[in-house]
Amino acid sequence: MENFYLEIKHIDKQTGARYGILHTPHGDVEVPMFMPVGTLATVKTLSPEELHSMGAGVILANTYHLSIRPGADLVKKAGGLHKFMNWDGPILTDSGGFQVFSLAEKRKITEDGVEFKNHLNGDKLFFSPEIAIDIEEKLGADIIMSFDECIPYPADYEYAKKSMERTLRWAQRGKDAHKRKDQALFGIVQGGDYQDLREECAKKLAEMNFPGYSIGGTSIGEPKEVCFRMIDYAVKYLPENKPRYLMGVGSLDYLLIGISKGIDMFDCVLPTRLARHGALITSTGRVNIRDAKYKEDFSPLDPNCDCYCCKNYTKAYLRHLYICDETFGKRLLTIHNIRFLIHIMEGARKAIQEDRFGDYIKVVLTAFGDERGF
RNA sequence: GGAGAGGUAGCGAAGAGGCUAAACGCGGCUGACUGUAAAUCAGCUCCUUCGGGUUCGGCGGUUCGAAUCUGCCCCUCUCCA
């Protein structure tokens, strides 16, 4: 597709990290970037205006969830996702492949597709690569995902191989079914933590010539090093001029290491979910705002943060709102976590352009000072 | 003054002879969360030098054993005068 492409502007001399512009039908966005997740066509607690003001580029929505409620036809009737949710920037829809993993006990996989029992009322819901694409075309996102199987970790070799090969066949079927020219369909690399499977999957997908590639099956409980290996295996065989998207990754260290390995896009529910649960990511580490030590702390959550929350409110107030279960508290905390990660990404892009991204990683992670990196 | 009801951990509230240091809820404290079945989930919440020690309004009694049965006392609430 002609109106979707990655323009690489600079490669960091320290790490090989990429800085570029991703052109989409709904505008240009800089990469590497973090994409907030709005599963049900809303980034929980935030308005589109807030997301824009925080510097969000692309946001996600979910094919499985939206197909159940409110239904793909309704979204289409509303004029597509952008209009429906009043977001004029780029949107990316996940295919439902993650639900094959997260709702594992409610589905059955066959060569043809996945039979779900939907999580709300147990109704049968069949997803095939073609059906997923059909729904994604109705939703109308700028970037859409192939229907894949996200396998658990650990998975035995035989299963990982069988599943990866099926995911490849599904990728081809989805590609064949995809008709809309204003949507970029990404292939997803699977293969568990097995080098040969990951490499084979990446190679085959590259041969299929997708406008972009995702790395899936990561950040599902595997050790950090395993995740980093899985990235390396895939990236080696992915075309350099196409965007690379590491799915489901949102903690600080994974993001920064991922960028250094040549990843351009990330999404994760972590910042929004953590915020709703009172956990904040700050420049000096993680903060659990509920903790008693913040009761009379009238300083901002993160003095180094430029978000609306940190500019205007104190920890004591945020703790108060959280403890009283006030909606506004969750909004403020979500604003902070999302803005914090976007801000980190802005810093990353600048560092890459100045060939000091390796130093940037060290500085950020040292200041954060937490093994877990979030 | 008369008639009832009741006093259980920070609060509310179960328990009606041993399985009870005492359910459950709230409150309090602390974790977790990674392509969202998550404004969710988990743990702790009498004291302790981890051996044990002291609890169910108070002081006695019955019993091998009492928050539970019993005597007296104190205190609350409701209704009637």
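One P atom belongs to B:G2, the other to B:C47, and the distance between them is 44 Å to the nearest Å. The same atom, P, is picked in B:A5 and in B:G71; the two are 15 Å apart, to the nearest Å. Rounded to the nearest Å, the gap between the P atom of B:C59 and that of B:U54 is 14 Å. Straight-line distance between the C1' atoms of B:A21 and B:U48: roughly 13 Å, to the nearest whole Å. The gap from the P atom of B:G27 to that of B:C75 amounts to 35 Å, rounded to the nearest Å. When the C1' atom is compared between B:G15 and B:A67, the two are found 8 Å apart, to the nearest whole Å. Nucleotides B:A9 and B:G53 are separated by 23 Å at their P atoms, to the nearest Å. B:U68 and B:A81 have their C1' atoms separated by 36 Å, with the value rounded to a whole Å.
One interatomic measurement links the two molecules: OH of A:Tyr294 to P of B:U30, which rounds to 10 Å at whole-angstrom precision. A:Phe34 places its CZ atom 9 Å from the C1' atom of B:U34, with the value rounded to the nearest Å. Here the P atom of nucleotide B:U36 and the CZ atom of A:Phe116 are 12 Å apart, to the nearest Å. A straight line from CD1 of A:Ile289 to P of B:C29 spans 13 Å, rounded to a whole angstrom. Straight-line distance from the CG atom of A:Leu255 to the P atom of B:U34: 14 Å, rounded to whole Å. Here the P atom of nucleotide B:G35 and the CD1 atom of A:Ile231 are 15 Å apart, to the nearest Å. Atom pair A:Tyr254:OH and B:C33:P shows a separation of 10 Å (rounding to whole Å applied). Nucleotide B:G35 holds its P atom 14 Å from the CE atom of A:Met230, rounded to whole Å.
Partner assigned to B:A22 is none, using Watson-Crick or G-U wobble distances below 3.5 angstrom. With a 3.5 Å ceiling on both atom-pair distances, the Watson-Crick or G-U wobble partner of B:A3 is B:U78. Under the Watson-Crick and G-U wobble criteria, each requiring two contacts below 3.5 Å, nucleotide B:U62 is left unpaired. For B:C44, the paired base is B:G28 (Watson-Crick or G-U wobble, both distances below 3.5 Å).
Residues passing the side-chain contact (heavy atoms from CB on, under 4.5 Å) test with A:Lys242, sequence neighbours excluded: A:Asn209, A:Tyr213, A:Pro239. Partners of A:Asp306 under the salt bridge (Lys or Arg N to Asp or Glu O under 4.0 Å) rule, at least two apart in sequence or in another chain, are A:Arg339.
Other residues, nucleotides and ligands contribute over 12 non-hydrogen atoms within 6.0 Å of the NZ atom of A:Lys236.
Heavy atoms of A:Gly217 sit under 4.0 angstrom from at least one base atom. The residue A:Ala279 sits close to a base: some heavy atom pair falls under 4.0 Å. Across all strands, A:Gln190 comes closer than 4.0 Å to base atoms (heavy-atom distances). Within the nucleic acid shown, A:Arg107 has no heavy atom closer than 4.0 Å to any nucleic acid atom. A:Ser214 comes within 4.0 angstrom of no nucleic acid atom, judged by non-hydrogen atoms across all strands.
The aromatic rings of A:Tyr64 and A:Phe127 sit tilted relative to each other, their planes meeting at an angle between 30° and 60°. Classification of the A:Phe147-A:Trp170 ring pair by plane angle, with boundaries at 30° and 60°, yields parallel.
The nucleotide whose nearest atom lies closest to any side-chain atom of A:Cys150 is, among B:C33, B:G35, B:G31, B:G35. Closest contact between the side chain of A:Thr272 and the listed nucleotides B:U36, B:C29, B:U34 involves B:U36.
Ionic pairing of A:Glu200 and A:Lys204 is present here: one or more N-O contacts between side-chain nitrogen and carboxylate oxygen are shorter than 4.0 angstrom.
At a cut-off of 3.5 angstrom, the base of B:G35 holds at least one donor-acceptor pair with the side chain of A:Asp148.
At the phosphate of B:U36, neither OP1 nor OP2 sits under 4.0 Å from any side-chain N or O atom of A:Arg69. Taking 4.0 angstrom as the limit, A:Thr39 places a side-chain polar atom (N or O) nearer than this to OP1 or OP2 of B:U36. OP1 or OP2 of B:U36 lies within a sub-4.0 Å distance of a side-chain N or O belonging to A:Asn62.
Across the interface with RNA chain B, nearest-nucleotide mapping of A:Ile151 and A:Ile323 shows A:Ile323 to be the residue nearer the 5′ end.
A cation-pi arrangement is absent between A:Lys106 and A:Phe116 under the rule of less than 6.0 angstrom and at most 45 degrees off the ring axis.
With A:Gln14 contributing its side chain and A:Phe357 its backbone, the two residues share a donor-acceptor pair below 3.5 Å.
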Can you check side chain to side chain contact (heavy atoms under 4.5 Å, CB included) on A:Gln172 and A:Arg169, steps first, answer last? CA-CA 5 Å; A:Gln172 185 61 57; A:Arg169 290 191 292 275; 5.8 Å; no
Could you run through nucleotides 37-44 of chain B and give me one letter per nucleotide, 5' to 3': B if any protein heavy atom sits under 4.0 Å from the base, S if only the sugar-phosphate is that close, - if neither? BBBB----
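Taken to the nearest 0.5 Å, the CG atom of A:Leu301 stands 5.5 Å off from the SG atom of A:Cys309.
A glycosidic torsion no more than 90° from 0 defines the syn conformation, and B:G51 adopts it.
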